[in-house]
4 protein chains.
Amino acid sequence: MAREKDENKRIAVLQSSKLLFSSKGFMNTSIADIVRETGMSVGTIYTYFKSKDEIVRAIVEEGWSSLYSRIEAAMAGAQSVQDKLKLLIGGFFPELLQDLPLIHILLSEAIDYTRLEEKVERITDLVFTLLKSDRAGAEGWPGVSRQMLRTGLIVIFLGVLNAVKIARRSSLGIRSEDILGFVEFMARGSLGVQL
Amino acid sequence: MAREKDENKRIAVLQSSKLLFSSKGFMNTSIADIVRETGMSVGTIYTYFKSKDEIVRAIVEEGWSSLYSRIEAAMAGAQSVQDKLKLLIGGFFPELLQDLPLIHILLSEAIDYTRLEEKVERITDLVFTLLKSDRAGAEGWPGVSRQMLRTGLIVIFLGVLNAVKIARRSSLGIRSEDILGFVEFMARGSLGVQL
Amino acid sequence: MAREKDENKRIAVLQSSKLLFSSKGFMNTSIADIVRETGMSVGTIYTYFKSKDEIVRAIVEEGWSSLYSRIEAAMAGAQSVQDKLKLLIGGFFPELLQDLPLIHILLSEAIDYTRLEEKVERITDLVFTLLKSDRAGAEGWPGVSRQMLRTGLIVIFLGVLNAVKIARRSSLGIRSEDILGFVEFMARGSLGVQL
Amino acid sequence: MAREKDENKRIAVLQSSKLLFSSKGFMNTSIADIVRETGMSVGTIYTYFKSKDEIVRAIVEEGWSSLYSRIEAAMAGAQSVQDKLKLLIGGFFPELLQDLPLIHILLSEAIDYTRLEEKVERITDLVFTLLKSDRAGAEGWPGVSRQMLRTGLIVIFLGVLNAVKIARRSSLGIRSEDILGFVEFMARGSLGVQL
DNA sequence: AATGAATGAGTCTTCATTCAT
DNA sequence: TATGAATGAAGACTCATTCAT
């Protein structure tokens, strides 16, 4: 009856659903599955969420913004652009990569409720801005237009997510360290950014 | 004799389904949709395909292998490793990127019938092998293990596909040229490969 | 709390289905028929039964065991073997013969869900045992092996069921009294058992 | 094109269908099954039979009447009523029991096309008539009305068929010899007929 | 607020039959 | 006559959502 109790239920639904959606897929997860997993009744689930769609949306939106606001807070304390970039690569990314279920859902077919584009734009914009100010006043990178760089960041970001997603299925061992290592290698070699 | 099985019909089913699957998703496309789109009867669809799954599988497998065998043929005629790499980046990739519906399906939740991992492994293996022989006898790339390189190629490949997939939805203009341009920029800057 | 699962509905489904199955046959009865007959919705039927098979199984199993346990209870109170036999012939049989729909289903093609063999074996075993103890220590019946007697009981039992089943269709009037009368006549004449 | 060739095809369809119907049941056998089994085309099957129903009907009708006319011919040559009865029990019955597939179909759910009642009536009438003339002018059997006797014969006949049908499924060994042996035992003991 | 039975549109698939070749 | 592709009604079952209790 108290608000706290309610909030706990909401979170429980979110957690169970997240796991289910990420492992079986959104469409292959039924409300009945969530009921089974949470131990709640159908009705209860519908008092916390208007629909199944609503649940994915909440998982993604809340998962993402929690991650995002944490990194923003951390970056606010950073002095140099370099430090900020380091925080991103060393903080945000690894944390995101940790959250496999979120990644799965983000890339899933339920993309309509997921608005991946928005997230991609926001995060790559951030990196883009940082990179630009790192080279403020300077020449940028020869042969690379702004648009191309921006696009490149999107490629890398999505590539990382997708590689992590696929890692489990692939027989070739894809490891997070290698993924991040490669990103750093690229950043250094191509953009001259030391992370 | 009776009417012969009509290859054109098979292809029509494949084409309609491809468009439907790629725009609405595999699970959100019903056989009824395909019936409507092709103008055929349910029964006819089932004389050409054993099941709905079978249809995606055919779309992906045939789409991919046609692409792949074309590039193999082209590469067979190439002399140097450099040329082969160029063919890949300048031939296979752009062609693949053209086939948006295929990319959508490849990355979709119907991944079980799609075996994306296999395709990723095969194509990145190819690139990996080429890169290695480009540096045959030499030192490779300092600070980059083989595994990391391999993983990196996967990241790039998947990133490219996903960026293309998202392009339509994103308001920021993602263009194929930029994507490829960036890949080349990376290849040059980080791997020292001129494409 | 929500509405409770309503035993009456379960029974209503069972009753309607029993009639439908027995008159049109199991395979020729569709869930839609049951829906029409019960006035319930498809979904409701499926909240009470997992599948169509489940429905026949329940009809047969519950119908049979109710019959069987009633006769067992009655026979428990009987003193002599003679009395027990009389109860069987005069109690169980007539009651079973009353339940035409059950007989129809029991003999129907849905035999896989029906396990008629089991029922036949059980009931004929019972009779067999009674007959044996009726003649305990004595010579049995000359020229009739145990196996033959057992088989004979099966023949009679199945014959009775089938005759009842066919009665409705046959223009020659087959009446239950005659069927039972004949069985008694046989029992007396061939086995020397007075019923 | 010659008539002979056609008749062979007709028979082939009948034979294959008989086996299929008897083992899988009428409803569970598809025209496609028959096509597979006969090696003919759907169209061809439909030039010999107007419908699936038609096929069962032909199987039953032709199977039965061939059996029946053979026994009639044999009985025509018999002198005494006794001999005729012996021919029935020793000739017709065993032959019928041999034809398991026919029995299965006769008792199957496709009973609508099968007209089992007719066959039952005809054969039991025959036996009834013979029994009557065996006792012509005499007292018949005390305590057994004509109707009851007639009904009894039906019971026995159907019981025999059904027992044979069930034999395969039952774990208790039901053997044809025992079935026939029991019938003779009954005939002797209850009706005083020596077979 | 919590419950879970009720609902019925929608899913994929099968199959007897027809008919163009 | 033979063939088998074409047809589409019908089948069993699922599941997000509602609503009586």
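Between the CG atom of B:Asp6 and the P atom of E:dC19 there is a distance of 20 Å, given to the nearest Å. One atom, CZ of C:Arg10, and another, P of E:dA6, lie 13 Å apart when rounded to the nearest Å. Following rounding to the nearest Å, D:Leu20 (CG) and E:dC15 (P) show an atom-to-atom distance of 13 Å. For B:Glu54 and E:dT14, the CD to P distance is 12 Å, given to the nearest whole Å. One interatomic measurement links the two molecules: CG of D:Asn8 to P of F:dT1, which rounds to 16 Å at whole-angstrom precision. Across the protein-nucleic acid pair, C:Phe21 atom CZ and F:dA12 atom C1' stand 12 Å apart, rounded to whole Å. Here E:dC15 presents its C1' atom at 14 Å from CD1 of D:Ile55, a figure rounded to the nearest Å. Remark: P of E:dG4 and CD1 of A:Ile45 are 11 Å apart, rounded to the nearest angstrom.
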Pairs under 3.5 Å (Watson-Crick or G-U), crossing ones as [ ], inter-strand ones as |: DNA chain E comes out as .||||||||||||||||||||

Protein-nucleotides 11-13 of chain E N/O pairs under 3.5 Å:
residue: E:dC12; atom: OP1; partner: B:Lys52; partner atom: NZ; Å: 2.9
residue: E:dC12; atom: OP2; partner: B:Ile31; partner atom: N; Å: 3.0
residue: E:dT13; atom: OP2; partner: B:Tyr46; partner atom: OH; Å: 2.6
residue: E:dT13; atom: OP2; partner: B:Lys52; partner atom: N; Å: 3.1
residue: E:dT13; atom: O5'; partner: B:Tyr46; partner atom: OH; Å: 3.3

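Here A:Thr44 reaches the OP1 or OP2 of E:dT3: one of its side-chain N or O atoms lies under 4.0 Å away. OP1 or OP2 of F:dA6 lies within a sub-4.0 Å distance of a side-chain N or O belonging to B:Lys9. Residue C:Thr47 has a polar side-chain atom (N or O) positioned under 4.0 Å from OP1 or OP2 of E:dA6. Not one side-chain nitrogen or oxygen of B:Tyr48 sits closer than 4.0 Å to the OP1 or OP2 atom of F:dA5.
Salt bridge A:Arg115/A:Glu117: present, at least one basic N to carboxylate O contact under 4.0 Å. Under 4.0 Å is where a charged nitrogen must lie from a carboxylate oxygen, and between A:Glu62 and A:Arg10 at least one such pair does.
Every side-chain contact (heavy atoms from CB on, under 4.5 Å) that A:Gln15 has, sequence neighbours left out, goes to A:Ile11. Applying the salt bridge (Lys or Arg N to Asp or Glu O under 4.0 Å) rule to D:Lys165 yields no partners; only residues at least two apart in sequence or on another chain are considered.
Residue pairs meeting the salt bridge (charged side-chain N to carboxylate O under 4.0 Å, His left out) criterion with at least one partner in residues 44-55 of chain D, sequence neighbours excluded, are D:Glu54-D:Arg57. Residue pairs meeting the side-chain hydrogen bond (donor to acceptor under 3.5 Å, both in side chains) criterion with at least one partner in residues 35-47 of chain A, sequence neighbours excluded, are A:Asp33-A:Arg36, A:Ser41-A:Thr44.
Of all heavy-atom pairs between A:Leu107 and A:Leu116, the closest is CD2-CD2, 3.7 Å.
Rounding to the nearest 0.5 Å places NZ of A:Lys119 at 9.0 Å from CG of A:Leu102.
A donor-acceptor pair is defined here as one N or O able to donate and one able to accept, closer than 3.5 Å; no such pair exists between the side chain of B:Ser16 and the backbone of B:Val13.
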